[in-house]
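A short write-up of the structure that comes next.
Computed from a predicted model, the values in this text were never measured in an experiment.
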Amino acid sequence: MRIAVTYDNGQIFQHFGHTETFMLYDAEGGKVVSAKPLSANGSGHGALAGFLKDNDVDVLICGGIGGGAQTALAQAGIMLFGGVSGSADDAVAAFLTGKLSYVPDIRCDHHEHAEGHSCGSHGCGGSCGSH
């Protein structure tokens, strides 16, 4: 199983669509067998789901994520655990033991939008809570 975590200096990065680095954890038998950073290479919102699929990711652990990205991940067959914060290593350990605390109905509500701005341009799918 391959688990990707939005990553910034050991912590879970809180804006999926702006993630520059993912930490990839390979797990077997409920234990992490390897962990390595992976640069998103400038992939943004919509392209990140395909990028993760191309890197054989099964599970994504992240902070904030919009509806459009959630749909793209689901279509790519990647399980999502959003609304998570804190240490990336701790989150993966909790996931592997079935104790990860996450928000099943996470929605993009982390930024304010200027008048006339549409979430659709950056993958929130129009479901941002601050509209």
Heavy-atom closest contact (F22 atom, A4 atom, distance):
CD2-CB, 4.2 Å

Name the atoms and distances for all side-chain donor-acceptor pairs under 3.5 Å in residues 76-88, with sequence neighbours left out.
from	atom 1	to	atom 2	distance (Å)
S87	OG	D89	N	3.3
S87	OG	D90	N	3.1

Is there a donor-acceptor pair under 3.5 Å between the side chain of T19 and the backbone N or O of T21?
no

Can you measure from CZ (R2) to CG (L24) and round to the nearest 0.5 angstrom?
5.5 Å

Could you pull out the closest heavy-atom pair between L48 and F16, with the gap in Å?
CD1-O, 3.1 Å

Once side-chain hydrogen bond (donor to acceptor under 3.5 Å, both in side chains) is applied, do any residues pair with S34, and if so which ones, sequence neighbours excluded?
D26

Does the side chain of I3 come within less than 4.5 Å of D58's, by heavy atoms?
no

Any idea which heavy atoms bring V32 and Y25 closest together, and the distance?
CG1-CD2, 4.0 Å

M23 and L38: same hydrophobic cluster, using ILVMFWY side-chain contacts below 4.5 Å?
no

To the nearest 0.5 Å, tell me how far E28 CD sits from M1 CE.
11.0 Å

Establish whether Y102 and L96 are linked, either directly or via other cluster members, by ILVMFWY side-chain heavy-atom contacts under 4.5 Å.
yes

Residues in side chain to side chain contact (heavy atoms under 4.5 Å, CB included) contact with K99, at least two apart in sequence or another chain:
T97

Output for pair (I65 CD1, T6 OG1), nearest 0.5 Å, gives 8.5 Å

Shortest non-hydrogen contact from F95 toward V59:
CZ-CG2, 3.8 Å

Of all heavy-atom pairs between I12 and G63, which one has the smallest distance, and what is that distance?
CG2-N, 3.7 Å

Main-chain N/O of H18 paired to E20 side chain as donor or acceptor, under 3.5 Å
no

